Amino acid sequence: MRGSAKERREVREAFRKMTFGEKVSYICTYYKLPLFTAAVALIVLITTLVGNAVKKQPVLYAGWENVSFGEMLDHKLTDGYITFTQRAPKKYTVLVYRDLYISDEPSGENHQYAYASKIKVLGAISAKQMDLVVMNGEAYRQMSESGFLLDLSAYVELQPYLVSNQVIVEDNAVEYSLGESETYSSVTETAANAVDASGFPIFRNAGITENLYIAIIANSPRQEECLNYILYLLDAEQ
């Protein structure tokens, strides 16, 4: 409130004598902007507090690559695991990157989608926010060749289901793409870096007939959780 001390006293006295309705009208007229700003700040604060209160904590980050699942199976693959581990589904979740399309030779109409999926996968892996992938054969080959997958041969529990694929140790892909080399060449090795989940009851009973593979990302900080998740899928029934 600006003005001299006398003017401020007169305003306060006049305000004191107003009726309740007149006071409300006066405040709305002369303090509209500060009130609006305060209201916005209050709404933001409440939204933030509520959002943090209901935000679920991921126990695992997974990616569905070149595969998709119905609502019931998807629920079993996410909230079903949380319940199995005796965690509260309202507080914890399996965060899933769905509808990822991995292909080294996508059709023209799918090229941008494949590129966007590749960037999303690379970003999630770099941020250590992709722990495990469920994928078809093409995605498995590419993920393996890129060296993204953990060698699972040390996990005794998974031995009967392990499958192997090529891992590119060294190649001249950059030189070849730049035209500095006439032929592409690479040095590869074989690694047991995925589980063949095609026969798992949770997938078979859902009517899925295509080959499915599950792998753990090599830099995942939650590898033990990934193992527990695969063992859950092995025993779970749809």
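Note that this is a predicted model, so its numbers are computed, not measured.
- Here the closest heavy-atom approach between residue V67 and residue M135 is recorded as CG1-C, 3.9 Å.
- A heavy-atom distance below 4.5 Å is not found between the side chains of V94 and P58.
- In plain terms, the two heavy atoms of V167 and G147 that are nearest each other are CG1-CA, 4.0 Å.
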*Please test N136 against N211 for side-chain contact (heavy atoms from CB on, under 4.5 Å), starting from the C-alpha separation and ending with a verdict.*
CA-CA 6 Å; N136 71 351; N211 291 336; over 6 Å; no
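- One hydrophobic cluster, built from ILVMFWY side chains closer than 4.5 Å, holds both V163 and L149.
- In terms of heavy-atom proximity, Y140 sits nearest to S164 at OH-C, 3.4 Å.
- A donor-acceptor contact closer than 3.5 angstrom is absent between the side chains of Q57 and T93.
- Side-chain contact between V121 and L100: present, with at least one pair of heavy atoms (C-beta onward) separated by less than 4.5 Å.
- Using a 4.5 Å heavy-atom cutoff, the side chains of N66 and E210 are not in contact.
- Note that CG of L132 and CD of Q223 are 11.0 Å apart. Values are rounded to the nearest 0.5 Å.
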*Give the intermediate values and the outcome of side-chain contact (heavy atoms from CB on, under 4.5 Å) for residues S68 and R98.*
CA-CA 7 Å; S68 61; R98 295 176 174 83; over 6 Å; no
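- Note on ring orientation: taking the six-membered ring where Trp is involved, the planes of Y232 and Y229 are tilted (angle from 30° to 60°).
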*Passes side chain to side chain donor-acceptor pair (under 3.5 Å), Q166 versus S144? Steps please.*
CA-CA 6 Å; Q166 297 295 311; S144 178; over 6 Å; no
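- Remark: K120 NZ to I102 CD1 distance equals 10.0 Å, nearest 0.5 Å.
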_Walk me through whether I230 and Y155 qualify under side-chain contact (heavy atoms from CB on, under 4.5 Å)._
CA-CA 11 Å; I230 295 174; Y155 292 100; over 6 Å; no
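- In this structure, the separation between CG on L60 and CG on L77 is 11.5 Å, given to the nearest 0.5 Å.
- Residues I214 and L233 form a side-chain contact, since some pair of their non-hydrogen atoms from C-beta on lies under 4.5 Å apart.
- No side-chain heavy atom of K118 sits less than 4.5 Å from a side-chain heavy atom of Y113.
- Across all non-hydrogen atoms, the minimal contact from N228 to Y81 is CB-OH, 3.6 Å.
- Cluster membership check: L150 does not share its hydrophobic cluster with I217, using side-chain heavy-atom separations under 4.5 Å among Ile, Leu, Val, Met, Phe, Trp and Tyr.
- The shortest non-hydrogen separation linking L212 to F69 is CD1-CE2, 4.3 Å.
- Distance check, rounded to the nearest 0.5 Å: CD1 of I82 to NZ of K90 gives 15.0 Å.
- Residues Y161 and L231 are members of one and the same hydrophobic cluster, defined by side-chain heavy-atom contacts under 4.5 angstrom among Ile, Leu, Val, Met, Phe, Trp and Tyr.
- Contact record, M130 with S220: O-CB, 4.5 Å, taken as the closest heavy-atom pair.
- When atom types are taken as modelled, the side chain of Q129 and the backbone of Y61 share no donor-acceptor pair closer than 3.5 angstrom.
- One distance of note links CD of Q159 with OG of S153; it measures 7.0 Å at 0.5 Å rounding.
- Linking ILVMFWY side-chain heavy atoms closer than 4.5 Å, directly or via other members, places I202 and V195 in a single hydrophobic cluster.
- Side-chain atoms of K56 and Y92, non-hydrogen and from C-beta on, never get closer than 4.5 Å to each other.
- Interatomic distance, L234 CG to L158 CG, rounded to the nearest 0.5 Å: 8.0 Å.
- N165 places no side-chain N or O within donor-acceptor distance of the main-chain N or O of N193, the cut-off being under 3.5 Å.
- Aromatic ring centres of Y97 and W64: separated by at least 6.0 Å.
- Tracing side-chain contacts under 4.5 Å through hydrophobic residues (I, L, V, M, F, W, Y), one reaches F84 starting from V134; they form part of the same cluster.
- E65 places none of its side-chain heavy atoms less than 4.5 Å from the side chain of Y101.
- One finds a salt bridge joining R87 and E225 here, because a Lys/Arg side-chain nitrogen approaches an Asp/Glu carboxylate oxygen to under 4.0 Å.
- In this structure the side chain of L152 reaches within 4.5 angstrom of the side chain of I216, judged on heavy atoms.
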